[in-house]
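Below is one structure, written out as structure tokens; the observations come after it.
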Amino acid sequence: MNILEGLNKEQLKAVETVDGPLLIVAGPGTGKTRVITHRIAYLVNQFGVKPHRIAAMTFTNKAAREMRERLQALMGPISNNLTIGTFHSVCANILRRDGHHIGLDRGFLIYDSDDQLKLIKGCMEEHEIDPRKFAPRAIQSHISAAKSSLIDAEGYAIHAQSYLEEVISRIYKRYQELIRRNKALDFDDLLLSTYQMFNTNEALLKKYQTRYIHILVDEFQDTNIPQYRIAQQLADQYKNICVVGDPDQSIYSWRNADIRNILNFKKDYPEAQIITLEENYRSTETILSAAQSVISKNQERVDKELWTTNTKGSLIKITEEHDEEEEAQSVIREVERLVDTDGYNRSEIAIMYRVNAQSRALEEACLRYGVPYQIIGGVKFYQRREVKDIIAYLRLLMNPHEDVSLTRIINIPNRGIGQRTLDELIQYGRTNEISIFSVIQGIIKQDNNMPSLPARSIRAITDFLNLIRLLSKESQELDIVETIDKILEHTGYQHFAQKDERGEERWENILEFRGLAQEFKNMGPEEGLITFLESVSLSTDLDTMEDEAGSLTLITLHQAKGLEFSAVFIVGIEDGLLPHLRSMNDPGQLEEERRLFYVGITRAKSRLYLYRAFHRRIMGGNGQNDASRFLDDIPRNLIAGLPVISTRQRLITPKNDSLKTIKQPIRLVSDSKSKIRIGDKISHPKFGVGIIVNRVATDQDIELTVAFDKNKGIKRLLASYAPIEKLES
DNA sequence: GCCGTGTTATTTTTT
DNA sequence: ATAACACGGC
């Protein structure tokens with residue numbers, strides 16, 4: 001198979017330009033991934049570059065996985081030798097291998113922002129800083145911003161000016177001490193430490209520089225400074241650095257992504273070639289030109305004219321609804337119409353929104369109409385309490401001196417170690433700069449000067465110590481799944497998890513977590529534990545998203561980047577939400593919001609729907625939102641639907657509920673369904689078999705409450721919509 | 001040490 | 001409006 005086949009002129013040029021620095025500016029839908037993968041395959045096949053001498057960095061694990069799969073198809077199993085991953089995972093690997101040069105333990109843990117926050121709170125407590133005066137989250141983001149600017153704690157201290165910076169500086173310093181003592185790195189550390197290690201160890205850097213002949217960076221517009229620097233470091237020997245990005249899709253500045261990297265790239269490599277991909281293969285002409293109109297309103301932007309030979313396609317439909325519930329219902333009805341009459345598959349359709357909270361109304365509507373759906377993000381799987389508990393146990397087996405995890409589970413399930421006792425342990429640990437685990441060991445060995453505790457507490461901490469010791473010992477010879485089982489067994493976690501009312505759900509989550517560990521089962525005990533914990537820390541919901549056949553996708557605009565769907569619904573296009581309230585005052589941030597909208601629009605292949613609601617419950621209150629200013633930027637001739645849309649002012653509705661009455665015509669409940677009674681057994685294509693536990697007939701429909709399988713739970717469905725069938729009992 | 005109630009912040013986006 | 005969190009009583 002010819003790798004160069006079927007590429008357009010620019011794509012071809014991008015693939016064939018293999019020498020020296022290269023910037024590929026790739027608009028949405030222009031075949032970016034295709035170019036990257038073909039370029040890699042071309043390097044290997046045409047020039048005989050060994051796969052292990054090529055590194056490609058992506059933004060998400062999902063993107064990495066996709067790239068790997070495509071390369072596998074293109075060049076077979078040797079693709080396994082390529083270095084492909086997110087910056088974070090690539091750096092984690094480098095640090096596992098060579099971090100000992102800067103005193104890192106091979107089994108270091110990776111802290112997520114939750115762990116980070118706990119540690120920061122602990123530091124603040126130590127320094128007697130009132131969390132009401134200084135929000136821990138704010139401090140956290142300042143520290144993160146500092147690290148993203150390559151400023152370490154010492155550097156920060158030197159330049160701290162204001163009182164706030166003074167405070168941050170103290171916390172930063174202590175935070176860094178503690179995170180090191182816990183043998184952990186946070187996300188930013190993964191990058192910063194790698195950069196610093198290379199900076200201070202020339203021989204080591206040389207080793208990597210010599211190895212990697214080609215460096216590729218995807219989603220370059222969303223890289224931060226350390227990431228760019230690392231890419232530069234790695235590429236410094238051969239200068240074959242290829243970065244691919246689209247400034248118009250830069251939406252992560254809040255995570256310290258620095259769009260100036262693109263400008264700097266041109267400055268740092270004046271000899272760099274620049275190739276722009278402008279032919280869009282994804283969207284209809286209508287959608288593309290709407291996108292183009294929206295983005296062209298940004299001031300800070302290099303012009304780029306996308307074009308397509310695709311057909312005009314349908315007009316963009318803009319719909320106004322009264323409140324978020326009606327918005328959700330209206331969306332779901334249209335989704336179902338697309339499925340029923342236009343032959344769309346639900347998995348080809350996505351609903352996108354600005355903030356996760358918006359998913360709720362949509363989810364409820366899906367449940368009511370019995371529409372199978374999957375929510376990406378939301379309460380993240382690894383963030384669930386029960387899952388984090390088990391992770392904490394695993395981390396302790398890795399390193400019992402890790403205080404954050406220890407404090408988390410020392411009394412979970414309850415074993416009689418209360419706050420009082422724990423405080424005592426923490427306090428002593430702090431003043432003597434030793435871990436809580438060491439304090440416990442000391443007390444039990446009856447070392448001098450250890451805090452004295454009531455006999456009852458001593459018994460409790462002794463039991464805990466023995467538990468951890470037993471588990472550590474056992475886990476040395478067990479694979480990761482068996483280790484999890486031992487944890488569950490010795491802690492009695494199953495009973496603990498199941499006892500409260502959401503118990504079954506929690507237990508299901510644990511079993512799912514255990515299932516995820518299976519993948520690491522055939523590794524050695526330590527290897528498996530390290531790798532599994534790393535994978536848990538670095539992967540997100542999006543990565544584990546498996547296209548559940550036939551499910552509608554609910555997703556934030558941010559997460560949707562890089563994806564495409566036949567039909568896209570963007571909801572909540574209102575001032576305050578789609579330019580988000582927090583971004584409306586700052587022109588720079590406003591432009592980022594517009595880019596976010598642009599990203600959403602350009603996900604759509606053939607149909608685009610834009611929704612807004614007049615009323616939206618915001619933090620309890622009842623908010624009325626104006627239509628988004630961005631709607632004005634879509635030319636009217638591309639829009640079907642409301643004729644008044646161009647004047648936003650007119651869209652502010654009177655307070656009455658007149659719109660509420662405009663409802664979908666009543667659907668008749670079919671005969672077979674109306675016969676369903678309480679106690680009947682029914683089956684549902686997605687939820688399986690369930691039993692009717694309640695039945696309420698309203699004037700228009702029959703609402704059924706159905707108890708499904710334990711992991712699906714209880715759902716309320718409308719008889720007219722839900723694709724259910726009565727089973728003979 | 002545990003459980004309940006009241007208070008408070010919290011909601012932007014995530015590797 | 002919701003959920004985490006703190007405080008106080010048992």
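Chain letters run A, B, ... following the sequence lines, proteins first, then strands; residues in each count from 1.
Within 6.0 Å of the CZ atom in Arg137(A), the count of heavy atoms belonging to other residues, nucleotides or ligands does not exceed 12. More than 12 heavy atoms of other shown residues, nucleotides or ligands fall within 6.0 angstrom of atom CZ in Arg430(A). Other residues, nucleotides and ligands place no more than 12 heavy atoms under 6.0 Å from the NZ atom of Lys183(A).
For the pair Asn356(A) and dT13(B), the criterion of a side-chain N or O lying under 4.0 Å from OP1 or OP2 is met. Using a 4.0 Å cut-off, no side-chain N or O of Ser89(A) falls inside it from OP1 or OP2 of dT15(B). Between Gln559(A) and dT13(B) there is no side-chain polar atom (N or O) within less than 4.0 angstrom of OP1 or OP2.
Between Gln358(A) atom CD and dA1(C) atom C1' there is a gap of 16 Å when expressed in whole angstrom units. The interatomic distance linking Leu117(A) (CG) with dA9(B) (C1') rounds to 13 Å, in whole Å. If you measure from atom CG of Leu596(A) to atom P of dT14(B), you get 10 Å, rounded to the nearest angstrom. With rounding to whole Å, Met124(A) atom CE is found 14 Å from dC5(C) atom P. The nearest whole Å value for the distance from the CZ atom in Arg255(A) to the P atom in dT13(B) is 13 Å. Between Leu190(A) atom CG and dT15(B) atom C1' there is a gap of 9 Å when expressed in whole angstrom units.
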Is there a salt bridge (charged side-chain N to carboxylate O under 4.0 Å, His left out) between Lys121(A) and Glu125(A) once you walk through the steps?
-> CA-CA 6 Å; Lys121(A) 281 179 183 162; Glu125(A) 213 173 278; over 6 Å; no
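In this structure, Phe187(A) and Ala135(A) both approach DNA chain B, and ranking their closest nucleotides by distance from the 5' end singles out Ala135(A).
Of the candidates dC5(C), dT14(B), dT15(B), the closest approach to any side-chain atom of Thr86(A) belongs to dT15(B). Residue Arg582(A) places its side chain closer to dT11(B) than to any other of dT14(B), dT11(B), dC5(C). Checking dT11(B), dT15(B), dT13(B) against the side-chain heavy atoms of His88(A) singles out dT15(B) as nearest. Here dT13(B) is the nucleotide among dT11(B), dT13(B), dT15(B) with the atom lying nearest to any side-chain atom of Val355(A). Nearest to the side-chain atoms of Lys121(A) among the listed nucleotides dT2(C), dT14(B), dC5(C) stands dC5(C).
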Please write out the pairs of protein N or O atoms and N or O atoms of nucleotides 1-3 of chain B separated by less than 3.5 Å, giving the distance to one decimal.
unit_1	atom_1	unit_2	atom_2	d
dG1(B)	OP2	Gly416(A)	O	3.4
dG1(B)	OP2	Gly418(A)	N	2.8
dG1(B)	OP2	Thr421(A)	OG1	2.9

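If you check every strand for non-hydrogen atoms under 4.0 Å, Phe59(A) touches sugar and phosphate atoms only.
Ring-centre distance between Tyr228(A) and Phe220(A): below the 6.0 Å cut-off.
Ring-base stacking between Tyr252(A) and dT13(B) is not satisfied when judged by a centre separation under 5.5 Å and a plane angle under 30°.
Applying the ring-ring contact (aromatic ring centres under 6.0 Å, His included) test to Tyr353(A) and every residue at least two apart in sequence or in another chain returns nothing. Residues passing the salt bridge (Lys or Arg N to Asp or Glu O under 4.0 Å) test with Glu574(A), sequence neighbours excluded: Arg616(A).
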